[in-house]
Amino acid sequence: MPQRSVDSLRKRAPRPDRAWQEPAEGSGSLLGSIAEMLANSNYPIPKKTKSAFLEACRGEPHDHTPVWFMRQAGRSLPEYRAVRGDGTILDAVADPERAAVITLQPVHRYGVDAAILFSDIMVPVHALDFGVDIQPGVGPVVDRPFDRVSDLERLRPFEPDLDAPYVAETVRQVVDSSPVPVIGFAGGPFTIASYLVEGMPSRALERTQALMAEDPGLFEDLMSRLADITVSSLRSQVKAGASAVQLFDTWAGALDPDTYQRQVFPHSHRILNEIADTGVPRIHFVRDTRSILRLLAATGPDVVGVGWQTPLDEARRLLGPDLVLQGNLDPAICLEPLEVVNAAVADVLARNNHHPGHVFNLGHGVLPETDPGVLAHVVELVHAHRLSTDQAS
Ligand code: CP3
């Protein structure tokens with residue numbers, strides 16, 4: 001297929017005034033204030049009272065499909081690289097002003113319907129001094145991985161206001177100036193457990209699988225402590241003003257359904273149950289949902305993230321019409337020519353078939369090499385697609 005020019009493929013011409021969004025990299029004092037960023041925003045600041053994102057999460061009628069991207073803040077944005085600083089990401093997260101600016105960058109660049117707090121799933125265990133760091137280009141690494149009963153003592157109860165007060169402070173600062181709802185989040189207990197047990201990112205999760213098989217009692221205690229930490233963390237973010245929360249259990253899809261049901265499900269179910277009284281929509285995300293989609297829905301979230309490996313219409317058939325779905329464009333599609341992007345976005349929307357319970361997203365996080373122009377284009381495509389509520393099925 002001949003590749004036409006980017007502009008000819010865009011539904012609408014790109015806004016001409018995007019120059020402010022391309023700060024020269026490494027140019028020093030670029031930590032612009034939130035006020036400055038708002039003044040420069042390419043998007044009108046809508047009233048906070050109505051939100052297509054929150055309406056979709058509740059399955060209520062609304063006029064356009066809301067969209068946000070997992071990892072929308074991050075290395076794909078030059079303005080992120082400009083203010084991120086030299087330390088680890090955990091240093092940036094612990095600086096509320098910087099973290100608030102970073103949280104809002106994708107909102108102003110893309111016009112997405114929600115902001116996700118700039119933080120990391122490893123923040124609570126890091127704040128408890130478990131000895132976790134996040135190495136750029138690698139991911140979470142742990143000094144002394146979890147492998148015995150005495151390691152449980154290294155996971156005392158998490159007190160967000162004392163252990164990591166900067167998280168709630170960032171939420172408050174963002175909520176004060178965000179034109180859209182703010183999503184709080186935490187790691188699912190299996191995914192956190194897998195990092196603590198493996199000691200470094202691992203696809204096969206061999207040590208974790210071995211612990212689950214050889215000492216299920218110890219694994220249960222580990223999961224239980226992590227579930228308590230997650231509940232405290234999410235409750236504190238909602239108290240600070242988060243309008244929705246997402247539980248990221250990225251690697252849980254690596255388990256077979258029986259193992260998931262016995263050793264993970266009860267903990268995720270408890271977490272979602274224990275935050276139900278906050279009243280905010282609860283989104284449950286796993287990276288590859290093929291083997292556990294129904295179990296994931298049964299943990300009791302308001303919104304289920306669907307991996308890109310499962311077509312949305314198939315997910316809807318499996319889960320019934322009442323659950324709200326989030327997803328599910330393959331993030332790698334965003335590296336393709338715009339014709340391919342256009343077709344893939346149209347396919348996700350067509351498979352949703354005008355159902356009001358859909359939040360558009362990628363099936364996993366934005367890849368760092370993604371061109372931000374492509375994500376802006378995806379937002380325009382999704383927003384241009386009108387929902388006709390009478391066609392919902
Ligand atoms: O924009 C957002 O989505 C909000 C911020 C966010 C980050 N991490 C910032 C971050 C969120 C929601 C996360 C969640 C997270 N962190 C998950 C679950 C989602 C997923 O991607 O599966 C996981 C597994 C982690 C653990 C983690 N943190 C990994 C694997 C990495 C990548 C390491 C690397 O450098 O490639 C991180 C680092 C991290 N967290 C970055 C960002 C923006 C990388 C950029 C940096 O170091 O500045």
Side-chain angles (χ1 to χ4, degrees), residues 120-134 139-164 167 185-237 245-276 282 284-287 291-292 295-296 298-301:
D120 195 87
I121 59 168
M122 303 310 287
V123 162
V125 285
H126 166 73
L128 290 174
D129 286 330
F130 196 87
V132 178
D133 209 345
I134 299 182
V141 289
V142 178
D143 289 345
R144 284 188 297 130
F146 181 99
D147 78 341
R148 63 196 65 200
V149 178
S150 61
D151 287 330
L152 287 171
E153 285 160 27
R154 298 162 62 201
L155 293 167
R156 63 174 168 78
F158 179 54
E159 297 179 71
D161 291 342
L162 299 175
D163 294 317
V167 174
F185 72 91
F190 177 75
T191 296
I192 305 293
S194 72
Y195 283 118
L196 299 187
V197 171
E198 302 292 329
M200 62 181 62
S202 144
R203 283 270 152 159
L205 304 180
E206 276 160 12
R207 290 166 64 122
T208 314
Q209 305 251 21
L211 177 65
M212 294 171 89
E214 287 158 21
D215 198 343
L218 178 56
F219 186 76
E220 159 83 25
D221 289 345
L222 169 60
M223 290 289 281
S224 188
R225 290 209 180 205
L226 292 173
D228 289 342
I229 290 169
T230 297
V231 168
S232 311
S233 170
L234 291 174
R235 293 191 76 84
S236 148
Q237 293 172 54
V245 290
Q246 177 154 323
L247 188 62
F248 280 93
D249 213 355
T250 305
W251 304 122
L255 298 174
D256 65 79
D258 277 358
T259 310
Y260 180 85
Q261 184 160 18
R262 270 184 291 111
Q263 293 182 281
V264 179
F265 179 93
H267 304 282
S268 301
H269 184 265
R270 174 162 77 85
I271 292 168
L272 292 167
N273 197 35
E274 288 187 8
I275 59 167
R282 297 153 303 157
H284 194 174
F285 165 82
V286 169
R287 181 176 170 276
S291 61
I292 57 164
L295 285 168
L296 207 59
T299 60

Below 4.5 Å, heavy atoms only, C-beta onward: do [X] and [Y] meet side chain to side chain?
{"X": "P257", "Y": "L295", "value": "yes"}
{"X": "I292", "Y": "L255", "value": "no"}
{"X": "T208", "Y": "W251", "value": "no"}
{"X": "V197", "Y": "L222", "value": "yes"}
{"X": "M200", "Y": "P140", "value": "no"}

For residues [X] and [Y], report the shortest heavy-atom separation together with the two atoms involved.
{"X": "A254", "Y": "Q209", "result": "O-NE2, 4.2 Å"}
{"X": "I192", "Y": "M122", "result": "CD1-SD, 3.9 Å"}
{"X": "Q237", "Y": "V167", "result": "CG-CG1, 4.0 Å"}
{"X": "T191", "Y": "A252", "result": "OG1-N, 4.2 Å"}
{"X": "P145", "Y": "G199", "result": "CG-CA, 3.8 Å"}
{"X": "P189", "Y": "A227", "result": "CB-N, 4.3 Å"}

Inset, instruction - Test side chain to side chain contact (heavy atoms under 4.5 Å, CB included) on L128 and I229 and set out the steps. - result: CA-CA 10 Å; L128 290 174; I229 290 169; 3.5 Å; yes
Inset, instruction - Take F146 and L218, measure what side chain to side chain contact (heavy atoms under 4.5 Å, CB included) needs, and give me the verdict at the end. - result: CA-CA 10 Å; F146 181 99; L218 178 56; 3.8 Å; yes
Considering residues at least two apart in sequence or located in another chain, which fulfil the side chain to side chain donor-acceptor pair (under 3.5 Å) criterion with [X]?
{"X": "S268", "answer": "none"}
{"X": "R156", "answer": "D163"}
{"X": "T259", "answer": "D256"}
{"X": "S236", "answer": "none"}

Inset, instruction - Kindly indicate, with the supporting measurements, whether the criterion side chain to side chain contact (heavy atoms under 4.5 Å, CB included) is fulfilled by L296 and Y260. - result: CA-CA 9 Å; L296 207 59; Y260 180 85; 3.6 Å; yes
Inset, instruction - Establish, from distance only, whether the side-chain atoms of E159 and S232 form a donor-acceptor pair under 3.5 Å. - result: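 Absent: no donor and acceptor within the cut-off.
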Legend entry - Residues that F185 engages under ring-ring contact (aromatic ring centres under 6.0 Å, His included), provided they are two or more places apart: F248
Inset, instruction - Could I get the full list of ring-ring contact (aromatic ring centres under 6.0 Å, His included) partners for H269, not counting sequence neighbours? - result: F265
What distance separates [X] [atom1] from [Y] [atom2], expressed to the nearest 0.5 Å?
{"X": "Y195", "Y": "L226", "atom1": "OH", "atom2": "CG", "value": "13.5 Å"}
{"X": "D120", "Y": "I134", "atom1": "CG", "atom2": "CD1", "value": "3.5 Å"}
{"X": "M212", "Y": "F219", "atom1": "CE", "atom2": "CZ", "value": "4.0 Å"}
{"X": "S233", "Y": "I271", "atom1": "OG", "atom2": "CD1", "value": "10.0 Å"}
{"X": "F285", "Y": "L247", "atom1": "CZ", "atom2": "CG", "value": "11.0 Å"}

Inset, instruction - Only pairs at least two apart or in different chains count here, so list each salt bridge (charged side-chain N to carboxylate O under 4.0 Å, His left out) that has a residue in residues 146-155. - result: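 Every salt bridge (charged side-chain N to carboxylate O under 4.0 Å, His left out) pair that includes a residue of residues 146-155, provided the two are not neighbours, is D151-R154.
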Inset, instruction - Can you tell me which residue pairs pass the salt bridge (charged side-chain N to carboxylate O under 4.0 Å, His left out) test with a partner in residues 203-229, sequence neighbours excluded? - result: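 Checked against salt bridge (charged side-chain N to carboxylate O under 4.0 Å, His left out) - neighbours excluded - the pairs reaching residues 203-229 are D228-R270.
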Inset, instruction - Name all residues meeting the side-chain contact (heavy atoms from CB on, under 4.5 Å) criterion together with V142; count only those two or more places apart in sequence or in a different chain, and write none if there are none. - result: F130, V132, L196
Legend entry - side-chain contact (heavy atoms from CB on, under 4.5 Å) against P301, all qualifying residues, sequence neighbours excluded: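 Residues passing side-chain contact (heavy atoms from CB on, under 4.5 Å) with P301: L272, H284, T299, V304.
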